Amino acid sequence: MDEKYSPKAIESKWQKIWETTKLFKVKEDPDKEKYYLLEMFPYPSGKIHMGHVRNYTIGDVVARYKRMRGFNVLHPMGWDAFGMPAENAAIANNSHPAKWTYENIDTMRSQLKSMGFSYDWDRELATCTPEYYRWEQWLFLKMYEKGMTYRKESFVNWCETCQTVLANEQVEAGMCWRCGKQVRQKKLSQWFFRISDYAEDLLIHCDKLPGWPEKVVTMQKHWIGKSFGAEIHFPIENSDEKITVFTTRQDTVFGATFMCLAPEHPLVLTLSKGTEQEAEVSAFVDRMALQDRSVRAVESYEKEGVFTGAYCINPLTRRKMPIYTANFALMEYGTGAVMSVPAHDQRDFDFAKKYGLDIIIVVKPSDKELDPAAMTEAYTDQGVMVNSGQFDGMDNKKALDEIAAYLDENNLGKKTVNFRLRDWGISRQRYWGAPIPMIHCKECGIVPVPEEDLPIVLPEDANLLEGGKSPLPTLDYFTKTTCPKCGSPDARRETDTMDTFVESSWYYERYCSPHYHDGIFDKAAVDYWMPVDQYIGGVEHAILHLLYSRYYTRVLNDLGLVKYKEPFTRLLTQGMVCKETLSCPEHGFLYPYEAKGSGENRQCTKCGKPVVVGRVEKMSKSKNNVIDPKTLLEKYGADTTRLFCLFAAPPERDLEWSEQGVEGGHRFLNRVWRLVSDWTELTKDAVLFNGNPDELEGDIRDLYKKIHETIKKVTSDIEDRFHFNTAISAVMELVNAMYDADQQKNTPHAPRVMKFAMESVALLLSPMVPHFADELWNILGHSGSVLLESWPSYREDALVKDELVIVVQVNGKLRGRFTANADTDDDALKEKALANEQVQKFINGKPIKKTIVVKKKLVNIVV
RNA sequence: GCCUGGGUGGUGGAAUAGGUAGACACAAGGGACUUAAAAUCCCUUGAUCCUUAGUGGUCGUGCGAGUUCGAUUCUCGCCCCAGGCACCA
């Protein structure tokens, strides 16, 4: 055995062996229990970052552990390969998104391989390949047949200069991120998935996801946003039309004194037409259309609006209510119209005060009167109904039901529920995505592409246009087609591509049979592997990706393609990888090498000013606080990098980067290496001891017991809690104990027990540091990978403590301790406790009121 | 504002069922080895008090109360930090 631990040689050696022996390849095996472990697949952005390293290390530990526990483990990896960054990079480098993407995939694949992750690489997939997205298109057609997808007009961020649609994050303070010009809201016809049909089902099942973090479940519930209320119809004066509002406060309908419509509401322009308000209203609507959504969401956003010139009638009071259009009314929620009750809603109150509108109290607290003129804020608490006709005197909570019933009986409205969740707009006016398989025919309208014509291949020879505009609409050979229904040559292909969240909503099913040609997936394979037993990824996907995936699974279920409704049985959201930021008042964020000196007195290398040590924040290129895993791999190797990620914090918490911490991890591996190196000669011919502890004595007996305790501890830490940090610290304790056993080298059983200890360490560490463990395993006289071994088990008889330390308390305060045999009875313990000198001092002759004995732990004497 | 986490030594963290607070590691200090350094190994390390230096006293898990023989752990009220949602009618 080499004196020195050299990770580079060991890691490349084992990675080669794993690859050539196809160690990680799996197939369905009905005789074995399956375990599907999935980590969120990466976007191929260039190279892997610490977030990936952490995510995939956690997953790999579980995958390897489960495999050693005898499960048939599916552990795949692939690429979420469509998306905008590829287009941006292509424009920046005058290249092509496909070239950029595939090059990145090659780089990142080799980086992941150098981390030693146990992926079945034969299942690798990239969502940008026609083999993948053809099934996405196929599914789109199935959904279209069932009416699960539809087309409607909706607003997008549009940059006139660049002639392109912008994602929300590409809009900076209302301006285009690339050209800096004003972004406006443009109405476009787009494709939608009817996710809102599943709102109720998605919500109900939120409570049937016990393996999910509560945080994620509540975020989803909140996003779905079910609220109970009523729809109420308000007839428009001098018209047959009516405005329908959604409200959760139908108890306050008697206090509704005006109406607010969202600026985008179709009635706004119709109602003001021909009135003297027309010019003002249309100016306001135009101004709102130009306003960026993020500006509108700011807390201090001033409520404003314009009178439309029209009135509607309160159906219960017959009161004439002016109709306004107001910036705080949202077209996307409810019906886009709000019945305004200034007395009992803060926004309506602010608005009424600003424009001098009437305030009528309809709910009052039981103990005092309210005066509309004197109020400084709306009264939103519960109370007693007033000014509400036959409902006066009623508790307002009761009135909620009563008024809803009344509205229903008189056809003035009805009780209803409303969801915040809106249908999923999947159209992207982008190039680098899966084409939507539809055809627009002048004669027949929208016609689906016939199944046998799939895939509609994204032309990869297209070049991106100035400003990121999609070239698809300009490519005649792509767009020109004949109508499959009427045969007209005057048909045009849909040029929108699908949202990339669609690809990530079913990739885990495709992994089950990634090369299957006869369908979206091999049903038998999916039936065997799915659902995913453990999913691991960043909390940033807590809402959209996970909700879309849950929705898509329901679609597959309704289409009879899968048997389950929920794709992920257990979910772990790992914390972020963070590091302190360094900045200079003049030069902004600094790289660590731009700060000279140490500790408190660092200076900027550019200007000499003192460096400000900022908060510990998520690693981000813009903050110059990233660590490239590549440098870690070169300096310490994959095993140390993995070990640090696991040891520094439990997985769900944020991990703070620490160079010293990495070194500590490296030191530990060296320490184990030296220990094994010291003992190999002595233990070479020894017969491993794994018997009853009673055959041993003294320190060796203690060490032997410690091994079994460690096996138990590590097993439960991984199995029950995923707390790898404490699992590692348990092994560290064992290694420390093994060093202490050095003096025992010459005792008869020492080499035999030590051999057992070393093998246990190799087995227990193997999920975390697999190359290191495999090398040790072979040094210890075995062959092949530890992954093929069974996870070690512990002997119950080795866990029995010979002697227990019993703590003695007086009035709950620790006063002494003594050792006792495990089978000492309560009375004897009591006696021994009282005999303690220190204890006697604190009892000090006072009468003993009570004595509490907790078996095997403590005696508490109450005086 | 609402929701979800979290607050423990100089630092990351541990304490899994209310029962020895601070495991394990980092950092720091001291020592050994060495011509020297690195590496390694050993010791000390929450604060504080003491004519008894101990198997010692007191305080100590964000703050204040409560339940209990006993609370980092449970209950109530508050403060602070992080993340998410947010004009949702």
Side-chain angles (χ1 to χ4, degrees), chain A residues 4 213-219 221-223 225 227 229 245-249 252 260 296-299 301-303 326-330 332-341 344-348 350-351 418-420 539-540 542-543 575-576 578 615-618 644 647-650 652-665 667-668 670-671 674 713 716-717 720-721 723 725-733 735-736 739 742 805-818 836-838 841-842 849-852 854-863:
Chain A
K4 225 176 137 326
E214 195 190 306
K215 173 165 92 161
V216 175
V217 174
T218 24
M219 277 162 82
K221 280 186 189 169
H222 191 91
W223 192 261
S227 52
V245 304
F246 170 75
T247 181
T248 54
R249 290 296 305 272
T252 63
C260 284
R296 246 174 108 165
V298 169
E299 204 168 330
Y301 191 63
E302 169 95 19
K303 281 159 199 48
N327 60 354
F328 67 85
L330 305 172
E332 309 89 66
Y333 187 77
T335 61
V338 183
M339 69 164 208
S340 291
V341 186
H344 305 293
D345 181 282
Q346 192 56 40
R347 290 156 303 172
D348 298 345
D350 294 344
F351 197 85
N418 189 56
F419 291 94
R420 206 185 83 108
V539 73
E540 64 272 21
I543 298 174
M576 300 180 295
C578 300
R615 292 195 315 163
V616 174
E617 289 188 73
K618 180 181 179 176
F644 171 72
F647 183 63
E652 67 280 1
R653 256 206 255 182
D654 285 352
L655 182 150
E656 191 185 331
W657 171 260
S658 150
E659 181 79 23
Q660 287 98 333
V662 181
E663 264 165 18
R667 206 150 40 213
F668 170 67
N670 271 300
R671 210 167 132 79
R674 269 196 312 277
K713 166 87 177 143
S716 74
D717 279 350
D720 309 334
R721 309 197 302 163
H723 276 205
N725 55 334
T726 50
I728 292 166
S729 73
V731 181
M732 284 174 166
E733 278 188 60
V735 170
N736 289 344
Y739 265 91
D742 220 38
V805 176
I806 304 292
V807 169
V808 188
Q809 296 181 335
V810 179
N811 288 342
K813 284 196 173 181
L814 175 69
R815 295 303 178 196
R817 51 175 70 95
F818 62 88
N836 187 296
E837 200 181 310
Q838 193 65 24
K841 210 167 101 192
F842 278 90
K849 277 195 208 156
K850 197 171 169 188
T851 309
I852 292 123
V854 180
K855 57 178 175 358
K856 295 179 185 180
K857 274 198 176 133
L858 96 174
V859 180
N860 187 13
I861 298 156
V862 187
V863 296

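Side-chain atoms are counted along with the backbone in the values below, which use heavy atoms only and exclude waters and symmetry mates. Order of the sequence lines sets the chain letters (A, B, ...), proteins ahead of strands, with each chain counted from 1. These numbers come from a predicted model, not from an experiment.
Across the strands present, B:U40 finds its partner in B:A32; the criterion is a Watson-Crick or G-U wobble pair with both atom distances under 3.5 angstrom. Base pairing annotation: B:A17 forms no Watson-Crick or G-U wobble pair, as no partner gives both donor-acceptor distances under 3.5 Å.
Comparing B:G56 with B:A15, their C1' atoms sit 25 Å apart, to the nearest whole Å. Across the P atoms, B:C42 and B:U51 are found 36 Å apart, a figure rounded to whole Å. To the nearest whole angstrom, the two P atoms, one in B:U58 and one in B:G6, are 33 Å apart. Here the separation of B:A27 from B:C81, taken at their C1' atoms, is 24 Å to the nearest Å. Using atom P as the reference point in both B:A82 and B:A71, the two lie 32 Å apart (nearest Å). Using C1' as the reference atom, B:A32 and B:G9 are 28 Å apart when rounded to the nearest Å. Rounded to whole Å, the separation between the P atoms of B:G18 and B:G13 comes to 23 Å. Look at the C1' atom in both B:G46 and B:A21: the space between them is 10 Å, to the nearest Å.
Between the NZ atom in A:Lys713 and the OG1 atom in A:Thr726 there is a gap of 4.5 Å [rounded to 0.5 Å]. Atom CZ in A:Arg420 sits 5.0 Å away from atom CH2 in A:Trp223 (nearest 0.5 Å). Between the CG atom in A:Asn860 and the CG atom in A:Leu814 there is a gap of 10.5 Å [rounded to 0.5 Å]. Note that CD of A:Gln809 is 12.0 Å distant from OG1 of A:Thr851, once rounded to the nearest 0.5 Å. Rounded to the nearest 0.5 angstrom, A:Phe647 CZ and A:Ser658 OG are separated by 10.5 Å. Here the OG1-NE2 distance, from A:Thr252 to A:His344, works out to 6.5 Å after rounding to the nearest 0.5 Å.
Under a 3.5 Å cut-off, the side chain of A:Asn811 and the backbone N or O of A:Val863 do form a donor-acceptor pair.
Distances were taken from every side-chain heavy atom of A:Ala329 (C-beta onward) to each of B:A14, B:G12, B:A89; the shortest belongs to B:A89. Of the candidate nucleotides B:U58, B:U40, B:C3, B:C3 has the atom nearest to the side chain of A:Thr218. Relative to the side chain of A:Asn725, the nucleotides B:U40, B:U16, B:A14 differ in distance, and B:A14 lies closest. Closest approach to the A:Arg667 side chain among B:A27, B:A23, B:A14 is made by B:A27 (side chain taken as heavy atoms from C-beta onward). Here B:C24 is the nucleotide among B:C24, B:U16, B:A89 with the atom lying nearest to any side-chain atom of A:Phe647. For A:Glu214, taking side-chain heavy atoms from C-beta onward, the closest of the listed nucleotides B:G19, B:U4, B:C85 is B:U4. For A:Lys215, the side-chain atoms get nearest to B:U4 when compared with the rest of B:A89, B:U40, B:U4. Comparing B:G84, B:U40, B:C85 by their closest approach to the side chain of A:Met219 singles out B:G84. Which of B:G12, B:A14, B:A89 sits closest to the side chain of A:Thr247 comes down to B:A89.
The phosphate of B:G57 has OP1 or OP2 within less than 4.0 Å of a side-chain N or O from A:Arg815. Note on A:Arg653: every side-chain N or O is 4.0 Å or more away from OP1 and OP2 of B:G12. Between A:Arg721 and B:A15 there is a side-chain N or O to OP1 or OP2 distance below 4.0 Å. A:Arg671 has no side-chain polar atom (N or O) that falls below the 4.0 Å cut-off from OP1 or OP2 of B:A39.
Against the 90° criterion about 0, the sugar-base torsion of B:G9 places it in the syn range.
The distance between atom CH2 of A:Trp657 and atom C1' of B:G13, rounded to the nearest whole Å, is 17 Å. The separation between A:Glu733 atom CD and B:G13 atom C1' is 14 Å, rounded to whole Å. Rounding to whole angstrom units, CD of residue A:Glu540 and P of B:C85 are separated by 12 Å. Rounding to whole angstrom units, CD of residue A:Glu659 and C1' of B:G12 are separated by 15 Å. Distance A:Lys841 NZ to B:G57 C1': 8 Å, rounded to the nearest Å. Rounded to a whole Å, the CG atom of A:Asn670 is 16 Å from the C1' atom of B:A25. A:Arg420 places its CZ atom 14 Å from the P atom of B:G84, with the value rounded to the nearest Å. Regarding A:Lys849, its NZ atom lies at a distance of 13 Å from the C1' atom of B:U68, rounded to whole Å.
The residue A:Phe842 sits close only to the backbone: its heavy atoms come under 4.0 Å of sugar-phosphate atoms, none of a base. Among the protein residues, A:Asp717 comes within range of the nucleic acid bases, having at least one heavy atom under 4.0 Å from a base atom. At the heavy-atom level, A:Pro213 lies nowhere under 4.0 Å from the strands shown. Across all strands shown, A:Gly334 has no heavy atoms under 4.0 Å from either base or sugar-phosphate atoms.
Along RNA chain B, the nucleotide nearest to A:Val805 and the one nearest to A:Gly816 differ in position, and the one closer to the 5' end is contacted by A:Val805. Remark on RNA chain B: of its neighbouring residues A:Phe668 and A:Ile543, the 5'-side contact belongs to A:Phe668, judged by nearest-heavy-atom nucleotide.
Between A:Met576 and A:Asp654, the closest heavy-atom pair is N-OD1, 2.9 Å.
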Dump every N/O contact between nucleotides 69-75 of chain B and the protein below 3.5 Å, one line per pair.
residue: B:C69; atom: OP1; partner: A:Lys850; partner atom: NZ; Å: 3.4
residue: B:C69; atom: O2; partner: A:Asn860; partner atom: ND2; Å: 2.2

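A heavy-atom distance below 4.5 Å is not found between the side chains of A:Asn327 and A:Glu302. At least one side-chain heavy atom of A:Val539 sits under 4.5 Å from a side-chain heavy atom of A:Lys215. Put simply, the side chain of A:Asn418 reaches to within 4.5 Å of the side chain of A:Tyr333, judged on heavy atoms.
Scanning atom types as modelled, no donor and acceptor separated by under 3.5 angstrom connect the side chain of A:Arg817 and the base of B:U55.
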